[in-house]
Peer 1: 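My structure is below; once you've seen it, I'll send some questions.
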Amino acid sequence: MKRHRRRGCDDLAQLARSVLKGKERLHEAVGRAAGGLFGLLGRPRIERVFAQELARRIPLPIDAKLSAAARGLQIAGIYICIVGNRDLADCACLRDVLKVEGKERLQRLIQGAMGDWEGLPRRMRDAVTESRESGSGEVRDP
């Protein structure tokens, strides 16, 4: 069994940053593809640049899920720092969220996460009960 390193949330913060950076790269790729398509169609440079910027800024269906995953990692990291009695000034996840979201948004995120976590034991019990009743023995995602 691996020993837990006393580094707080550094790994979670880095993973969340990677998820958000991947989202940015996806948008850049979509923008380049749109600009390239306009280039293949022989459109003037101004139209290609406009199409590239427009396509880069259009929300993608996966955006909300990637953002939620990154924020969930950050909130979990903040929780780790709090439970580990770590100085919150050294909490990488807290710094990242505050930098992007601000203090008021952070408070709402933590309250929402706490509500989700409070309901988790009940959802897990319900999933186990459903599994037993169906006879599958397989616990489904709550």
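Just the heavy atoms: all of them, side chains too, but no hydrogens, waters or symmetry mates, feed the values below. Positions are given from 1, in the same order as the sequence printed here. Model, not experiment: these values are computed from the prediction.
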Peer 1: Closer than 3.5 angstrom, by distance alone: can the side chain of Arg95 be matched with the main-chain N or O of Ala89 as a donor-acceptor pair?
Peer 2: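 The answer is yes, because a donor-acceptor pair under 3.5 Å joins these two groups.
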
Peer 1: Which value, rounded to the nearest 0.5 Å, describes the distance between Leu15 atom CG and Cys9 atom SG?
Peer 2: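 Spacing of CG (Leu15) from SG (Cys9) equals 11.5 Å.
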
Peer 1: Using 0.5 Å steps for rounding, measure from the OG atom of Ser67 to the CG atom of Leu20.
Peer 2: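 Those atoms lie 6.0 Å apart.
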
Peer 1: Report yes if the side chains of Leu54 and Ile58 come closer than 4.5 Å at any heavy-atom pair, otherwise no.
Peer 2: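 Yes, their side chains come closer than 4.5 Å.
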
Peer 1: So does Ile46 have more than 12 non-hydrogen atoms from other groups sitting under 6.0 Å from CD1?
Peer 2: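 Open.
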
Peer 1: Which distance, rounded to the nearest 0.5 Å, do you find between the CG of Leu26 and the CG of Leu60?
Peer 2: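 So the CG of Leu26 and the CG of Leu60 are separated by 5.0 Å.
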
Peer 1: Measuring from atom NZ of Lys65 to atom NZ of Lys23, what distance do you get when rounded to the nearest 0.5 angstrom?
Peer 2: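 That separation rounds to 14.0 Å.
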
Peer 1: Can you check whether Arg43's main-chain N or O pairs, donor with acceptor, with Arg48's side chain at less than 3.5 Å?
Peer 2: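 Between the backbone of Arg43 and the side chain of Arg48 there is a qualifying donor-acceptor contact (under 3.5 Å).
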
Peer 1: Quick one: does Gln74's side chain get under 4.5 Å of Val19's, heavy atoms only?
Peer 2: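 Not touching, per the 4.5 Å side-chain cut-off.
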
Peer 1: Identify which one of Asp90, Leu94, Leu88, Asp10 satisfies the side chain to side chain contact (heavy atoms under 4.5 Å, CB included) criterion when paired with Cys81.
Peer 2: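 So, applying the side chain to side chain contact (heavy atoms under 4.5 Å, CB included) to Cys81 and each of Asp90, Leu94, Leu88, Asp10, only Leu88 qualifies.
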
Peer 1: Rounded to the nearest 0.5 Å, how far does OG of Ser18 lie from CG of Leu73?
Peer 2: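 Answer for the CG-OG pair, Leu73 versus Ser18, is 10.0 Å.
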
Peer 1: Are the side chains of His27 and Arg57 in touch, meaning some heavy atoms are under 4.5 Å apart?
Peer 2: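 The answer is no; the side chains never approach within 4.5 Å.
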
Peer 1: Are Leu66 and Val30 connected into the same hydrophobic cluster when the rule is that any two of I, L, V, M, F, W, Y join if their side-chain heavy atoms are below 4.5 Å apart?
Peer 2: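 The answer is yes; both residues are in one hydrophobic cluster.
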
Peer 1: So if you build clusters from Ile, Leu, Val, Met, Phe, Trp, Tyr with side-chain heavy-atom gaps below 4.5 Å, do Val49 and Leu40 land together?
Peer 2: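 In one cluster with Val49: Leu40, no.
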
Peer 1: Any chance you could measure Arg17, atom CZ, to Lys21, atom NZ, to the nearest 0.5 Å?
Peer 2: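 That separation rounds to 12.0 Å.
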
Peer 1: Do you know the tightest heavy-atom contact between Cys93 and Gly77?
Peer 2: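 Looks like SG-CA, 3.8 Å.
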
Peer 1: Under 4.0 Å between a side-chain nitrogen and a carboxylate oxygen: does that hold for Glu53 and Arg56?
Peer 2: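 Between Arg56 and Glu53 there is a salt bridge, with a charged N closer than 4.0 Å to a carboxylate O.
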
